[in-house]
Amino acid sequence: MTDRMGRRDACALAAWCALMALATHSVVRYRWWIVVGYVAVAVVVVGLAWTARDDRGPGSGPRAGGWVPSAALALVGLVNLAVPAFSYLDESGQLLVRIVLGVSCLVVAGLLLPGRGASRALALAAALAGAAATAVLVVLGDPAPRIDVWVILQQSADAMAEGESIYARTWVGSPGIADAFAYLPWTAVLSAPGRWLAGDVRWALAVLVLLSAVLVAAVGRWRRPALAAAALLLLAPGSGTLVEQAWTEPTVLVGLAGWALLVRGGRAWWAVVPLAVALASKQHVVALLPLLAVWPRFGWRRTVVAAGGAGLLVAPWVLAGVGDFWHDTVTTMLDLPPLVFADTLYTLVLNETGVRLPVLVVGVVVLGVLGAAVVALRRRPVGLAGLLTWCAAVLLVANLVNKQAFYNQFWLVGALLLLAVAASSGAVSPAPAPGQRERRSRPAGRSAVAPAPPTPSAD
């Protein structure tokens, strides 16, 4: 089982590399073959999720990871150097960002080679430094990006500081949406400190990415595959674009990563808190609730409490203006036109045939994969890594039939895959039963007392 699960992690990392390379090249560029590539990745991810098993069975203990973590980092370093990412920086600034990301990947890959256990802390430090340097370069190099997300987050932070509702404001100078805060309010709450303390919400988003990476490493108990997953999250192709454009998925990821760490540590009720924050940040996290509800290690009671907690976190803004809240978070999202340069099945059909996929078709596809996930989770024991892989699969399929999915949505899917790899590397085997080692070491022909059944882990 150890070898099979090791291959699963390698497949997950390969799928992540392909996903992020495609996503980086897609900004802002529609190509039919990018969509085909996304579909191929989705098939792999769904397959990995469907065949997932409990990560606490015999043979599921820690794995060193061999050369795979370093190979993945080296590959991503080359992708960073070879595939230009979208940016408003000048050519020299863009080249510098690519060099920082690429060289950082190669350095971390060397530090995580097998036999260099003492280099693990240094490897994580190098990855954090590379990501921090990238954030500094893009924020200072592009102090006012021409995107509505940044304008909205900046001015929503100002609105909260002034005691005004973010759902009743009109955004001044927005190149896109000007009359709606299309996210749930904790996206503003988590990003606002960057504006209040340092003048730009992107500093807070960058810190959330750094914190999420540390949580990923902790989920994997600081082992080499988990450190590699954390480094890949920090140094992903296009990660400079993510920060520069102020895309908001880090507000979701930090909550989900905190949830995973607490569940891994046996504190599932405490995990309700970061999950509630993630739910109160962006609408699509609600799609994951059925998976968490049927997963025995979390269950429907905690899921209901987390949803209720998210409701309490959102309530002040709802009470301040139900109509404004509904308009911004529901009506605006439904009325948004298709993004013709988004690389999804929706836009492929639209761009190639002029036909818009009916809402019924979109709903059937999303509910189909969600139903398959629920059935799989109910029929067989699945560990944390398997659950996270299912979460990535559900969001990936939802992205593929979305009329607006972009790099940032695919980045979150990739982040969940990396979190699954970390969870797999941090899985703990049950302790051997009393007398089991003695029984194994007895010479042939000697009788032995039958061992007691193993005590289940409290993961």
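Heavy atoms only: backbone and side chains are in, while hydrogens, waters and symmetry mates are out.
With H25 as the partner, the ring pair (Phe, Tyr, Trp, His ring centres under 6.0 Å) test is satisfied by one option alone out of W33, F86, Y407: W33. Partner of W247 under the ring pair (Phe, Tyr, Trp, His ring centres under 6.0 Å) criterion, chosen from F406, W150, W411: F406. Remark: of the listed residues L13, L73, V421, L13 is the sole one forming a side chain to side chain contact (heavy atoms under 4.5 Å, CB included) with V68. In summary, of the residues considered (W269, F298, W270), a ring pair (Phe, Tyr, Trp, His ring centres under 6.0 Å) with W259 occurs for F298 alone.
Within the 4.5 Å cutoff, no side-chain heavy atoms of W390 are placed close to those of L48. Taking the side chain as every heavy atom from C-beta outward, L350 and V355 never approach each other to under 4.5 Å. For the pair S239/V209, no side-chain contact is recorded, criterion being any heavy-atom separation below 4.5 Å from C-beta on. In this structure, the side chains of W186 and V189 come closer than 4.5 Å at one or more pairs of heavy atoms. Residues V369 and V365 are not in side-chain contact: their nearest non-hydrogen atoms beyond the backbone lie 4.5 Å or more apart. Residues L288 and L395 form a side-chain contact, since some pair of their non-hydrogen atoms from C-beta on lies under 4.5 Å apart. Proximity of Y183 to T329: side-chain heavy atoms (C-beta onward) are nowhere separated by under 4.5 Å. Side-chain contact between R356 and P338: present, with at least one pair of heavy atoms (C-beta onward) separated by less than 4.5 Å.
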Apply side-chain contact (heavy atoms from CB on, under 4.5 Å) to K403 and T347, showing your working. CA-CA 6 Å; K403 61 183 178 180; T347 53; 5.6 Å; no

Using the side-chain contact (heavy atoms from CB on, under 4.5 Å) rule, take I152 and I177 through it: C-alpha gap first, then chi angles, then the decisive distance, then the call. CA-CA 8 Å; I152 291 170; I177 295 176; 4.2 Å; yes

Let's go through W203 and V139 carefully: what are the C-alpha distance in whole Å and the side-chain angles of both, what is the deciding distance for side-chain contact (heavy atoms from CB on, under 4.5 Å) to 0.1 Å, and is it a yes or a no? CA-CA 8 Å; W203 295 120; V139 173; 3.4 Å; yes

Before giving the answer on side-chain contact (heavy atoms from CB on, under 4.5 Å), spell out for R264 and R221 the whole-Å C-alpha distance, their side-chain angles and the decisive distance to 0.1 Å. CA-CA 10 Å; R264 166 65 77 209; R221 295 185 168 92; 3.3 Å; yes

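Formation of a donor-acceptor pair under 3.5 Å by the D328 side chain with backbone atoms of A180 is not found in this model. Checking side-chain atoms of R267 against main-chain N and O of L262 turns up no donor-acceptor pair under 3.5 Å. Of the possible donor and acceptor atoms, one in the side chain of R224 sits under 3.5 Å from a partner among the backbone N and O of L112. Side chain of Q404 to main chain of P337: a donor-acceptor pair is present (N/O by atom type, distance under 3.5 Å, no hydrogens or angles). Using a distance-only test at 3.5 Å, with no hydrogens or angles considered, a donor-acceptor pair links the side chain of S212 to the main chain of L208. Listed for the T24 side chain is a donor-acceptor partner under 3.5 Å among the backbone atoms of P237. For S425 (side chain) and P225 (main-chain N/O), no donor-acceptor pair under 3.5 Å exists by modelled atom type. In this structure, the side chain of S70 engages the main chain of L113 through a donor-acceptor pair within 3.5 Å.
A pairwise comparison of heavy atoms in L419 and V216 identifies CD1-CG2, 3.7 Å as the closest pair. The nearest pair of heavy atoms linking L184 to L279 is CD1-O, 3.0 Å. When all heavy atoms of L313 and A280 are compared, the pair lying nearest together is CB-CB, 4.0 Å. Of all heavy-atom pairs between A307 and L289, the closest is CB-CD1, 4.3 Å. Residues A217 and L124 share a closest heavy-atom pair of CB-CD2, 4.5 Å. Shortest non-hydrogen contact noted between L412 and H284 is CD2-NE2, 3.7 Å.
In this structure, a donor-acceptor pair under 3.5 Å is present between the side chains of S87 and E244. Between the side chains of N399 and Q409, no donor N or O sits under 3.5 Å from an acceptor N or O. Between the side chains of T344 and N402, no donor-acceptor pair is found at a separation under 3.5 Å. For the residue pair T51 and R8, a side-chain donor N or O sits within less than 3.5 Å of a side-chain acceptor on the partner.
The distance from atom CG of L256 to atom CD of E249, rounded to the nearest 0.5 Å, is 11.0 Å. Atom CZ of R202 sits about 10.5 Å away from atom CG of L153, to the nearest 0.5 Å. Residue L417 holds its CG atom at 10.5 Å from CE of M20, rounded to the nearest 0.5 Å. Rounding to the nearest 0.5 Å places CG of D343 at 5.0 Å from OG of S26. Note: N80 CG to C105 SG = 5.0 Å, rounded to the nearest 0.5 Å. Going from atom SG of C17 over to atom CG of L232 covers 6.5 Å, rounded to the nearest 0.5 Å.
W295 does not carry R378 over the face of its six-membered ring by the limits of under 6.0 Å from the centre and within 45° of the normal.
In this structure, R379 places its CZ atom where only 12 or fewer heavy-atom neighbours from other residues, nucleotides or ligands lie under 6.0 Å away.
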